[in-house]
Amino acid sequence: MGVLLADTAGLDLKRTLDSGQAFRWRWDGPVAAGVLGRRVVRLTQAPGGVRLLGADGDRVAAAVRRYLGVLPSRAHPRRAETALREDRVLARILPHTSGISLLAQDPWETFISFIISQNNNIPKIMRSIEGLSRALGASLGDGVYAFPGPERLAAARMRTLAASSLGYRAPYVRTAARLVADGRLDLAALARAELEAAREALLAVPGVGEKVGDCVLLFGLGHRTAFPVDVWVRRAVEQLYFRGRRLRLDDIQAFARARFGPHAGYAQQHLFAYARGRLRP
DNA sequence: GGGCAGGTGTAAT
DNA sequence: ATTACACCTGCC
């Protein structure tokens with residue numbers, strides 16, 4: 001049943017969907033169910049790649065392939081891995097992390113999701129996003145809800161936001177939604193803009209710091225040289241490249257640019273996955 | 001039940 | 001320029 005998605009050989013679905021870049025996937029045994037826009041998608045790992053379950057047509061398959069980062073071919077994770085294997089440290093790490101893909105997620109949903117992610121943990125982030133979708137998003141049937149659009153979120157009552165356990169992030173989410181809803185922040189334009197200009201625009205939003213901004217750039221706006229530094233990536237860089245020496249954030253960024261260049265985003269994903277799985281704090 | 005994790009904003013030096 | 005602390009919630 002379903003269809004094997006082209007170009008997904010070698011893609012590790014679990015590593016990809018559980019890598020902290022997406023928050024709307026649920027595993028039911030071997031099947032991952034997620035919401036892409038207004039469509040529920042079910043995926044499973046197959047011997048030759050990723051299988052799209054259900055009776056969806058070619059257009060859906062193409063959309064899922066773009067989402068999974070295997071289209072266009074220049075964005076394919078295999079290219080990044082080939083290049084990153086030149087790095088001695090990553091060559092050692094890759095056997096544990098190979099197959100991770102950088103997802104091409106919806107800019108708006110990614111923007112809000114990572115504002116919620118600040119000073120937070122993944123299960124709680126997922127609950128908050130689920131709660132917002134349930135309260136404000138369109139029903140897609142079977143108890144599944146789309147992520148609410150900017151206008152819906154901008155107009156939401158504070159108590160609705162609070163009911164989704166946003167905590168002190170609620171005003172950040174509301175302000176961010178208003179900026180997008182009335183066009184003062186154009187996420188699509190930031191996807192086309194230069195990295196530094198886009199970064200600056202995101203950092204001007206209350207609740208968006210360097211880490212969240214870089215996550216939005218990398219996971220939602222297609223800026224594949226962004227290098228989000230959270231505590232795990234910091235540990236990985238300091239321990240694996242600098243013998244545990246304490247570095248400043250700017251120095252980590254400069255190091256990533258120099259060392260990984262156009263593949264910095266992918267390097268970050270592998271370092272993050274490795275650190276979370278195998279490094280001690 | 002107190003301590004802790006997780007980024008950002010703000011106020012302090 | 002760097003540093004210390006508060007912020008909300010859920011988990012241990």
Side-chain angles (χ1 to χ4, degrees), chain A residues 18-24 26-27 105 107-136 153 156-180 184-185 187 190 195-196 198-221 223 226-239 242 244-256 264-265 268-269 271-281:
Chain A
D18 294 353
S19 65
Q21 52 179 324
F23 302 107
R24 294 216 75 190
R26 285 279 164 72
W27 286 94
Q105 300 184 80
W108 157 248
E109 181 173 337
T110 306
F111 178 51
I112 297 300
S113 295
F114 279 91
I115 289 175
I116 294 171
S117 81
Q118 75 154 63
N119 197 18
N120 212 341
N121 52 60
I122 289 173
K124 195 149 86 64
I125 298 163
M126 293 178 74
R127 269 197 303 276
S128 289
I129 294 171
E130 194 60 37
L132 289 178
S133 301
R134 198 169 281 275
L136 300 166
L153 211 43
R157 294 170 181 280
M158 245 7 217
R159 57 190 306 161
T160 305
L161 303 183
S164 295
S165 304
L166 299 184
Y168 64 88
R169 306 164 195 83
Y172 295 154
V173 168
R174 155 171 282 195
T175 303
R178 286 181 174 168
L179 288 172
V180 173
R184 281 177 289 168
L185 188 69
L187 295 171
L190 296 188
L195 175 79
E196 281 309 319
R199 197 167 195 264
E200 204 174 320
L202 290 174
L203 287 174
V205 179
V208 178
E210 309 224 10
K211 154 66 164 63
V212 167
D214 285 335
C215 284
V216 178
L217 290 168
L218 183 59
F219 303 137
L221 299 181
H223 283 282
F227 192 84
V229 180
D230 70 348
V231 292
W232 294 103
V233 172
R234 173 186 281 278
R235 278 169 199 155
V237 171
E238 289 175 347
Q239 292 186 28
F242 293 90
R245 182 157 68 87
R246 184 83 182 162
L247 298 175
R248 298 177 327 141
L249 184 60
D250 299 0
D251 297 331
I252 296 178
Q253 294 281 355
F255 163 79
Q268 189 271 359
Q269 280 303 90
L271 290 169
F272 176 78
Y274 181 79
R276 252 205 349 180
R278 321 184 83 91
L279 282 187
R280 303 245 135 246

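Here is the naming used below: chain letters follow the sequence lines, and residue numbers restart at 1 for every chain. All heavy atoms count here, side chains included; hydrogens, waters and symmetry mates do not.
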Taking [atom1] from [X] and [atom2] from [N], how many angstroms apart are they, rounded to a whole number?
{"X": "Phe111(A)", "N": "dG7(B)", "atom1": "CZ", "atom2": "P", "result": "18 Å"}
{"X": "Ile125(A)", "N": "dC11(C)", "atom1": "CD1", "atom2": "P", "result": "13 Å"}
{"X": "Asp250(A)", "N": "dT3(C)", "atom1": "CG", "atom2": "P", "result": "12 Å"}
{"X": "Asn120(A)", "N": "dG9(B)", "atom1": "CG", "atom2": "P", "result": "15 Å"}
{"X": "Phe272(A)", "N": "dG7(B)", "atom1": "CZ", "atom2": "P", "result": "8 Å"}
{"X": "Asn121(A)", "N": "dG3(B)", "atom1": "CG", "atom2": "C1'", "result": "15 Å"}
{"X": "Leu161(A)", "N": "dT9(C)", "atom1": "CG", "atom2": "P", "result": "12 Å"}
{"X": "Ile122(A)", "N": "dA5(B)", "atom1": "CD1", "atom2": "C1'", "result": "13 Å"}

query: Can you find a donor-acceptor pair, distance only, under 3.5 Å between Tyr172(A) side chain and dG9(B) base?
result: no
Contact class for [X] (heavy atom, under 4.0 Å): base, sugar-phosphate, or nothing?
{"X": "Lys124(A)", "value": "base"}
{"X": "Pro123(A)", "value": "nothing"}
{"X": "Val205(A)", "value": "sugar-phosphate"}

Using a cut-off of less than 4.0 Å, is there contact between a side-chain N or O of [X] and OP1 or OP2 of [N]?
{"X": "Arg127(A)", "N": "dC11(C)", "answer": "yes"}
{"X": "Ser165(A)", "N": "dC8(C)", "answer": "no"}
{"X": "Arg169(A)", "N": "dC8(C)", "answer": "no"}

task: Could you please spell out the steps behind the side chain to side chain contact (heavy atoms under 4.5 Å, CB included) verdict for Val180(A) and Leu153(A)?
output: CA-CA 10 Å; Val180(A) 173; Leu153(A) 211 43; over 6 Å; no
- prompt: Looking at Phe114(A) versus Phe23(A), is the centre-to-centre ring distance below 6.0 Å?
  reply: yes
- request: For the pair Tyr172(A) and Tyr168(A), name the ring-plane relationship: parallel under 30°, tilted 30 to 60°, perpendicular over 60°.
  value: perpendicular
message: Could you tell me how far dA11(B) sits from dC8(C) if I compare only their P atoms? Round to whole Å.
response: 16 Å
- request: Name the closest nucleotide to the Lys211(A) side chain, picking from dT2(C), dT8(B), dC7(C).
  value: dT8(B)
- request: Could you grab the distance from atom CD of Glu130(A) to atom CZ of Arg26(A), nearest 0.5 Å is fine?
  value: 5.0 Å
query: Taking atom types as modelled and ignoring hydrogens, do the side chains of Asp214(A) and Gln268(A) form a donor-acceptor contact shorter than 3.5 angstrom?
result: no
